[in-house]
2 protein chains.
Amino acid sequence: MSYALGMSGVKSRREQYSEATRAALLAAAARRFAEHGFAGTALEDVAADIQATRGAVYHHFANKTALFRAVHEQAETAMLKRVEAAAAVHADDVYAAAGAALEEFLDCCCEPDYGRLVWQEAPLALGWPEWKASEEKYAFGMIEQTINALMDAGAMPALPATTMARAVFQLLGGAGIELAMTPDPDKIRVKDEYLQVLGYMLGAGPVEPAGPTGPTGPTGLAGPA
Amino acid sequence: MSYALGMSGVKSRREQYSEATRAALLAAAARRFAEHGFAGTALEDVAADIQATRGAVYHHFANKTALFRAVHEQAETAMLKRVEAAAAVHADDVYAAAGAALEEFLDCCCEPDYGRLVWQEAPLALGWPEWKASEEKYAFGMIEQTINALMDAGAMPALPATTMARAVFQLLGGAGIELAMTPDPDKIRVKDEYLQVLGYMLGAGPVEPAGPTGPTGPTGLAGPA
DNA sequence: GTCGGAAACATACGCTGTGTATGTCGTATG
DNA sequence: CATACGACATACACAGCGTATGTTTCCGAC
């Protein structure tokens, strides 16, 4: 057993190089996957972007799917971090927190890569079962939590929570993919329209066309009566 | 120009044979695509199901994508026909018609093939832009029509209709895919839960847990106040 | 310091599957 | 009955994944 220093936090030069190429591969793969889709990208090209060969890819990842899995996981954790940070600002107000989280999520989807990667390619690349299991950990888990909080607060009748969460989940996914594919100049408008519609559907009532910093917050989620 | 009889409705024996194999190919492809996905099915296997070779496939269809396109279009028109028939029963009542259409659509999605084909494989096989354009003609067009009717009837505030339709569209798609993947014994329960949730989101208010033939119809869509 | 040894790649190969080009056979038509 | 065309089957070229096998470079021990 050599390389005993690996676990002490000190990285040998070889390890540093290796991690660098691995990171570079991930970055290149993310770009390619987001732009040309999973099936549309050849590992040869990914490797070429790094001035390497497919050998490097297959050294760091078991296969094409594993590479995508890594890219996907990276994108998801980054999103989750952003959304949690946005929600944490309103730790005292459930409604404001939900609204902030919602908007931050939609912003993530405006990032050209995220929507395509997570909502379009992932189910294909990973297969629906694994994709669903993955979302259970990320977006879906977060949504279910929020839904439960809103139900407890009385802002929403006690419907089957899981199915409700799934519906919202799918709704956000649709909005996300739509936003990801919308040309830049229209993004803001479409996003606002989605916020309105989501506010109506979740708040379960007509919503005044509040400005982005209106009295009920950007989502139009109405507080308790 | 020979075969002048082709346009008089009379089919020569050759044409009959040709159409038969074409139809058989479509049927076989539909099964394969639904079961193993687009990327997971080899044209070789599709042809083998017909006791033919890939030559036959490439004779009738330009390429793999074109074959899928034909299968997809067939599934969509069949669905549309069913839903329209279900809605036509309640020609006088907008709410009942919308409810019947909704439930029939979900039933279509319970068909093992439809959900997977249309909502999972189609965007991949056809590419997102073409898939979206296609849905514009089928499901989405129908939904937008219904939404407009509901808005006109005052059952729904005048939100951005197109975005609202897109949201509902995505919602139904999600329900469809979920139902398509749900094991048989749970299908009825999940479908009912979705009907409840959809009723809440669309009717924009709490919904009494009505039975399948309750006073407000199976969707829980409330009539005008 | 030098000497195994292993990690980090590169190179070479086989396989599967698509798309295309060419061949063959039957059938409709003059 | 000869000929042409449609409906396929066969054969081939090529791309892309996965694997097996080198080759180099660094690390650690003696």
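Chain A is the first sequence line, chain B the second, and so forth, proteins listed ahead of strands; every chain is numbered from 1.
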Self-check item: Distance, rounded to the nearest Å, where Ile50(B) contributes CD1 and dA7(D) contributes P
Solution: 17 Å

Quiz item: Just how far, in rounded Å, is P of dA7(D) from CD of Gln16(B)?
Solution: 13 Å

Self-check item: Distance below 4.0 Å between His59(B) side-chain N/O and dA7(D) OP1 or OP2
Solution: yes

Self-check item: Residue from Phe61(B), Phe33(B), Trp131(B) passing ring pair (Phe, Tyr, Trp, His ring centres under 6.0 Å) with Phe68(B)
Solution: Phe33(B)

Quiz item: Expressed in angstrom and rounded to an integer, what is the separation of Glu15(A) atom CD from dA8(C) atom P?
Solution: 7 Å

Quiz item: With a 3.5 Å cut-off and no angle check, do the side chains of Thr162(B) and Glu144(B) form a donor-acceptor pair?
Solution: yes

Exercise. Return the orientation label for the Trp119(A) and Phe169(A) ring planes: parallel under 30°, perpendicular over 60°, tilted otherwise.
Key: tilted

Exercise. Take Arg189(A) and Asp192(A) through the salt bridge (Lys or Arg N to Asp or Glu O under 4.0 Å) test and state the conclusion after the steps.
Key: CA-CA 5 Å; Arg189(A) 183 181 51 80; Asp192(A) 280 348; over 6 Å; no

Quiz item: Between dT25(D) atom P and Tyr17(A) atom OH, what is the distance in whole Å?
Solution: 12 Å

Self-check item: d(CZ, Phe68(B); C1', dT18(C)) in whole Å
Solution: 17 Å

Exercise. Would you please confirm or rule out a distance under 4.0 Å between OP1 or OP2 of dC9(C) and any side-chain N or O of His60(A)?
Key: yes

Self-check item: Sugar-phosphate or base contact per nucleotide [nucleotides 9-24 of chain D; S, B, -; heavy atom under 4.0 Å]
Solution: BB------BBB-----

Practice problem: Return each pair, listed once, that meets salt bridge (Lys or Arg N to Asp or Glu O under 4.0 Å) where at least one residue sits in residues 50-63 of chain A; pairs must be two or more places apart or across chains. | Solution: none

Exercise. Kindly write out the residues that satisfy side-chain hydrogen bond (donor to acceptor under 3.5 Å, both in side chains) with Glu135(B), not counting sequence neighbours, or none if the list is empty.
Key: none

